[in-house]
Amino acid sequence: MSKLTREDVLKLARLSRLSLEPEEVDAFLDEISEVLGYVDQLKDVSTTGLRPTTQVTGLTNVMRDDSVIDYGVHHTDLLRLAPKSQDGHIKVKRMIG
Amino acid sequence: MSQWLSIAEIASKVQKGELKAVELVEQSLTAIAEKESFKAIIATTEERARARAVSIDASVASGKTVGKLAGVPFIAKDNFLVFGAETTAASNILKGFEAPYQGTAIEKLEAEGAICVAKANLDAFAHGGSTENSDFFTTKNPHDPTRVPGGSSGGSAAAMALELAPFALGTDTGGSIRQPASFTGVVGYKPTYGLVSRNGVVAMASSTDTIGPLARSVDDAALVLDVMAGKDTLDSTTIDRDATSYANLDTSLAGKKIGVIKEYMDEGIDEDVRKSVQQTIDKLEQAGAEIVPISLPSSPLALAVYYIVCPAEVSSNLSRYDGQRYAYSNPDAQNLEESFSKTRQIGFGKEAKRRIMIGTYVLSSGYYDAYYKKAQTVRTKLIQEFAEAFTQVDFLAGPVAPTPAFKIGQNSHDPLKMYLADTMTVAVSLVGVPAISVPTQSVGDLPVGVQLIAPQNKDRALLGLAKATEELV
């Protein structure tokens, strides 16, 4: 794997919705490249016949009844937390148009 | 001599009216104020704690049964959603956030009469092994204030070493309960993944996150675990437990086989740490356990697996902090895109950003198979090796960390170096088995812990071994 470029870091920042300062880009470039260089060692590890593990509990299809349970938290409690709200809705910047 | 009785004794005395919950809460708050210079605590929940204490004492006076933890004060790592103070996860992006609900573990503890008195400092979002990544301040190791308490549950561990309360709660995703417990000389327990509900705890890496107690004795930790453990409809990754109390411990060593992990005792660990751990293993042998050398050949790969899987899951879990629904939202944003990115730019610290970007990279198109999928497949190898080892032995043992507590600032400039200190704790997290750090002989003034590991769902047996170990050290 070749070292990351500034362009790569800026792309990662865009994907992650982070707007980095120019000075930060160089520092992250070095640090992230170093970590990726370290984890790269896995590419030489033989994993033939093995499947990826996505969870360790062995649980499958955990279901519950489709009924409403009142946990004592209501939409008014949650709306109160919103930075901006209006008429019972969370208010955000224009998305369309 | 501790300023606190055992948790079982405290609860018993409160239930009998011999101790008052209000006095216990004051005792804790006073200790917190006195030891403020160690900066273990972000905020207290004093008003609510005092109110709960009054109500508990009133219940006792009217003849009601309060619970197994009646009146027992505790401190929660600040990534637990708790009423009575902000929940910040030590991050600026959550500054000002007041939880609208409490986590299941907290609710269960309160149902048995426990009282949360404060929120402990941590590496922001639990990203770290020293508590230096807190956006607010670094906690100091009570044994040597020029050194770190470990992390990410550094505040909780320091609080135990300082005796601020009878127990504390931490989270362990790659070692964050065990390592600070080792660095501060207290007991730190990481349960089997799924034994304790993660509902209401700020998520880090969802496939390895666990919740566990830190305390000054194995008995105390076991009792707290017993209250918290159990299936939760709000966390579909929780597993069943049996009805027997986790505080009901068998400390007999006869017939027990303990595998010492060769790769954890090899070069790269501090000689004094190895001696201390070996000394404890020798004592276990003298006391009747059978000690067997065990090799986990894929051990050197565990860290690489972890630092792919963990950032990947972090990048997903931290995408919710977007400034729209709660907590910090950048007021200067001109459009939605800026609202997201400026909020996250200002709100997140360096380590959070680093992990988010590494995670984004390993999950991105063109890289997903080579990194994330590969790491999860090597993870299967690790699981198989542990399973194979457990066909030969009942438990595994080794150090928790390669060194005792390091100096503040020593590793903070080098992310990879900081990650390398996790080398002996991450495999356990990836595999999902339970593990505990029990204090052993110190190295000079600095505490060291021995790590004891059991198969999945053998938490009670592990706690029994840990108690036997505690008695021998």
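Because the structure is a prediction, the values reported are computed rather than measured.
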For a 4.5 angstrom cut-off between non-hydrogen side-chain atoms, does Thr377(B) reach Arg51(A)?
no
As an exercise: rank Asn335(B), Asp322(B), Ile358(B) by heavy-atom pairs under 4.5 Å with chain A and give me the winner.
Asn335(B)
Bottom line for Ser298(B): the part with an atom under 4.5 Å from chain A's heavy atoms is neither
For Pro100(B), is it the side chain, the backbone, both, or neither that has a heavy atom closer than 4.5 Å to a heavy atom of chain A?
both
Could you tell me which portion of Lys231(B) (side chain, backbone, both or neither) has an atom closer than 4.5 angstrom to a non-hydrogen atom of chain A?
side chain
Determine the option with the most heavy-atom pairs under 4.5 angstrom with chain A, choosing from Arg379(B), Arg344(B), Lys381(B), Glu338(B).
Arg344(B)
Salt bridge flag under 4.0 Å for residues Glu24(A) and Lys350(B)
no
Is it true that Glu337(B) and Lys93(A) make a salt bridge, defined as a side-chain N closer than 4.0 Å to a carboxylate O?
no
Does some side-chain heavy atom of Lys374(B) sit less than 4.5 Å from a side-chain heavy atom of Thr47(A)?
yes
Beyond-backbone contact of Glu34(A) with Asp414(B), side-chain heavy atoms, under 4.5 angstrom
yes
Side chains of Ser341(B) and Leu18(A): closer than 4.5 Å at any heavy-atom pair?
no
Tyr361(B) side chain reached by Leu15(A) side chain, heavy atoms, under 4.5 Å
no
Chain A interface, residue from Tyr101(B), Tyr372(B), Tyr326(B) that has the most non-hydrogen pairs under 4.5 Å
Tyr326(B)
Begin from the C-alpha positions of Arg354(B) and Ile32(A) and carry the test side chain to side chain contact (heavy atoms under 4.5 Å, CB included) through to its verdict.
CA-CA 7 Å; Arg354(B) 220 174 270 134; Ile32(A) 293 173; 4.2 Å; yes
Structural part of Pro331(B) lying under 4.5 Å from a heavy atom of chain A
neither
Can you tell me which portion of Thr380(B) sits under 4.5 Å from chain A's heavy atoms? Options are side chain, backbone, both or neither.
both
Do you know which of Ser207(B), Ser236(B), Pro300(B), Gly432(B) has the most heavy-atom pairs under 4.5 Å to chain A?
Ser236(B)
Under a 4.5 Å cut-off applied to non-hydrogen side-chain atoms, are Ile239(B) and Leu59(A) in contact?
yes
Where does Ile346(B) contact chain A at under 4.5 Å (heavy atoms): side chain, backbone, both or neither?
neither
Do Lys84(A) and Gln324(B) have side-chain heavy atoms sitting under 4.5 Å apart?
no
Name the region of Leu301(B), side chain, backbone, both or neither, that has any atom closer than 4.5 Å to a heavy atom of chain A.
both
If I measure from the heavy atoms of chain A, does Ala327(B) come under 4.5 Å with its side chain, its backbone, both, or neither?
backbone
Does any backbone or side-chain atom of Gln456(B) lie under 4.5 Å from a heavy atom of chain A? Answer side chain, backbone, both or neither.
side chain
Begin with the C-alpha distance, continue with both residues' side-chain angles, and end with the deciding distance and a verdict on side chain to side chain donor-acceptor pair (under 3.5 Å) for Thr360(B) and Ser16(A).
CA-CA 7 Å; Thr360(B) 300; Ser16(A) 323; 3.1 Å; yes
Using side chain to side chain contact (heavy atoms under 4.5 Å, CB included), reason through Leu20(A) and Met357(B) one step at a time and then give a plain yes or no.
CA-CA 11 Å; Leu20(A) 302 181; Met357(B) 286 192 282; 4.0 Å; yes
Contact class of Leu234(B) relative to chain A, heavy atoms under 4.5 angstrom
side chain
From the list Leu303(B), Val362(B), Ile356(B), the residue making the most non-hydrogen contacts under 4.5 Å with chain A is Leu303(B)
Which bit of Asn457(B) is near chain A, if near means a heavy-atom gap under 4.5 Å: side chain, backbone, both or neither?
neither
Bottom line for Tyr306(B): the part with an atom under 4.5 Å from chain A's heavy atoms is neither
